[in-house]
Chemist: 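Dumping the structure here so I can ask a few things about it.
In this text the structure is predicted, and so the values were computed from the model without any measurement. Heavy atoms only: backbone and side chains are in, while hydrogens, waters and symmetry mates are out. Here, residue 1 is the first one in the sequence, and each next residue gets the next number.
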Amino acid sequence: MQVPLDSMKFSSLGTLLWVVLIISTAFAMWAWLRPYEWSPDPAALSEVQGVNLTLDHSFFWLEAHLRVNPGASHDLSKPVFLLTAQGRKLEPADTTFAGADGKDPQEIWLKFWLDSKDIAGPLELHINGGKLLVKTQSGIPTKSVFHTTNRW
């Protein structure tokens with residue numbers, strides 16, 4: 001019995017589509033579930049969840065979203081600052097805490113105002129006596145974007 005050529009092509013195409021779908025789904029899950037930083041400093045007592053970078057003329061607003069580690073609490077007595085590649089220490093322009101009423105905050109948003117020379121190199125966030133890598137690459141971004149990894 002001879003199988004028509006059209007049905008063989010259709011079967012191969014269906015298999016190819018399933019393989020592409022599986023690979024695309026695996027990549028999307030990896031991109032969605034990967035951490036912002038692979039090995040954050042445990043002394044920081046928190047981890048970066050994402051960074052929203054907003055271009056404002058030749059300046060930038062950098063808003064870092066942090067999640068406090070389970071069982072830990074943010075120490076308000078310790079300084080919080082962003083260290084630039086040039087060694088400048090920038091204090092947050094705004095800090096927002098979130099959590100259940102009557103309990104320690106479990107999420108923190110820190111907002112920093114940076115100029116082009118500040119954003120051009122790697123950035124380290126110093127919090128609770130530890131360091132978190134916010135940006136590891138060099139270069140000045142050209143647009144507003146939300147970063148889910150520190151490799152930008």
Chemist: Report the C-alpha separation of I108 and T96 in whole Å, then their side-chain angles, then the decisive distance to 0.1 Å, and conclude whether the side-chain contact (heavy atoms from CB on, under 4.5 Å) test is met.
Modeler: CA-CA 6 Å; I108 305 169; T96 305; over 6 Å; no
Chemist: Could I get the full list of side chain to side chain contact (heavy atoms under 4.5 Å, CB included) partners for K89, not counting sequence neighbours?
Modeler: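 Applying side chain to side chain contact (heavy atoms under 4.5 Å, CB included) to K89 gives F81, L83.
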Chemist: Could you please spell out the steps behind the side-chain contact (heavy atoms from CB on, under 4.5 Å) verdict for L114 and L123?
Modeler: CA-CA 11 Å; L114 298 101; L123 300 170; 4.3 Å; yes
Chemist: Go through it in stages, so that I can follow the logic: the residues are S46 and L132, the test is side-chain contact (heavy atoms from CB on, under 4.5 Å), and I'd like the CA-CA distance, side-chain angles, deciding distance and then a yes or no.
Modeler: CA-CA 9 Å; S46 55; L132 298 172; 4.0 Å; yes
Chemist: List the residues meeting salt bridge (Lys or Arg N to Asp or Glu O under 4.0 Å) with R88, not counting sequence neighbours, and say none if there are none.
Modeler: D115, D118
Chemist: Going by side-chain heavy atoms closer than 4.5 Å, which hydrophobic residues are tied to W18, directly or by a chain of links?
Modeler: L21
Chemist: Hydrophobic cluster membership, with links at side-chain heavy-atom distances under 4.5 Å among I/L/V/M/F/W/Y: are I119 and F146 in one?
Modeler: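 No, I119 and F146 fall in different hydrophobic clusters.
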Chemist: Which residues pass the side chain to side chain contact (heavy atoms under 4.5 Å, CB included) test with P42, sequence neighbours left out?
Modeler: none
Chemist: Test: ring pair (Phe, Tyr, Trp, His ring centres under 6.0 Å). Region: residues 93-117. Which pairs qualify, not counting sequence neighbours?
Modeler: F59-W113, W61-W113, H65-W109, H74-F97
Chemist: Kindly say whether L133 contributes a backbone atom to a donor-acceptor pair with the side chain of E37 at under 3.5 angstrom?
Modeler: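 Between the backbone of L133 and the side chain of E37 there is a qualifying donor-acceptor contact (under 3.5 Å).
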Chemist: Show every side chain to side chain donor-acceptor pair (under 3.5 Å) that has at least one partner inside residues 142-152, sequence neighbours left out.
Modeler: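 Pairs touching residues 142-152 that pass the test: Y36-W152, T149-R151.
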Chemist: Is a donor on one side and an acceptor on the other found under 3.5 Å between the side chain of E124 and the backbone of V134?
Modeler: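 Side chain of E124 to backbone of V134, a donor-acceptor pair under 3.5 Å: no, none is there.
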Chemist: Do T84 and L82 touch side chain to side chain, with heavy atoms closer than 4.5 Å?
Modeler: no
Chemist: More than 12 heavy atoms of other residues, nucleotides or ligands under 6.0 Å from CD of E91: yes or no?
Modeler: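 12 or below, so no.
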Chemist: State which residues pass side chain to side chain contact (heavy atoms under 4.5 Å, CB included) with E47; sequence neighbours excluded, sorted by chain then number.
Modeler: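 Partners of E47 by the side chain to side chain contact (heavy atoms under 4.5 Å, CB included) criterion, ordered by chain and then number, come out as P40, Q49, N69.
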Chemist: I'd like to check the side chain to side chain contact (heavy atoms under 4.5 Å, CB included) partners of V20; sequence neighbours left out, ordered by chain and number.
Modeler: L16, S24
Chemist: Going by the rule side-chain hydrogen bond (donor to acceptor under 3.5 Å, both in side chains), which residues pair with D75 if we only count those two or more places apart in sequence or in a different chain?
Modeler: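 Expected list: S77.
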Chemist: Linking Ile, Leu, Val, Met, Phe, Trp and Tyr by side-chain heavy atoms under 4.5 Å, what else ends up with I22?
Modeler: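 Via sub-4.5 Å side-chain contacts, I22 links to none.
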Chemist: For E107, what residues pass the salt bridge (Lys or Arg N to Asp or Glu O under 4.0 Å) criterion, not counting sequence neighbours?
Modeler: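 Only R67 meet the salt bridge (Lys or Arg N to Asp or Glu O under 4.0 Å) criterion with E107.
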Chemist: Check the pair L66, L125 against side-chain contact (heavy atoms from CB on, under 4.5 Å), reporting the backbone distance first and the verdict last.
Modeler: CA-CA 11 Å; L66 305 170; L125 178 64; 3.8 Å; yes
Chemist: Quick one: does any side-chain atom of S116 pair with a main-chain N or O of S58 as donor and acceptor, under 3.5 Å?
Modeler: yes
Chemist: What's in the same ILVMFWY side-chain cluster as V19, cut-off under 4.5 Å, chained through other members?
Modeler: I23
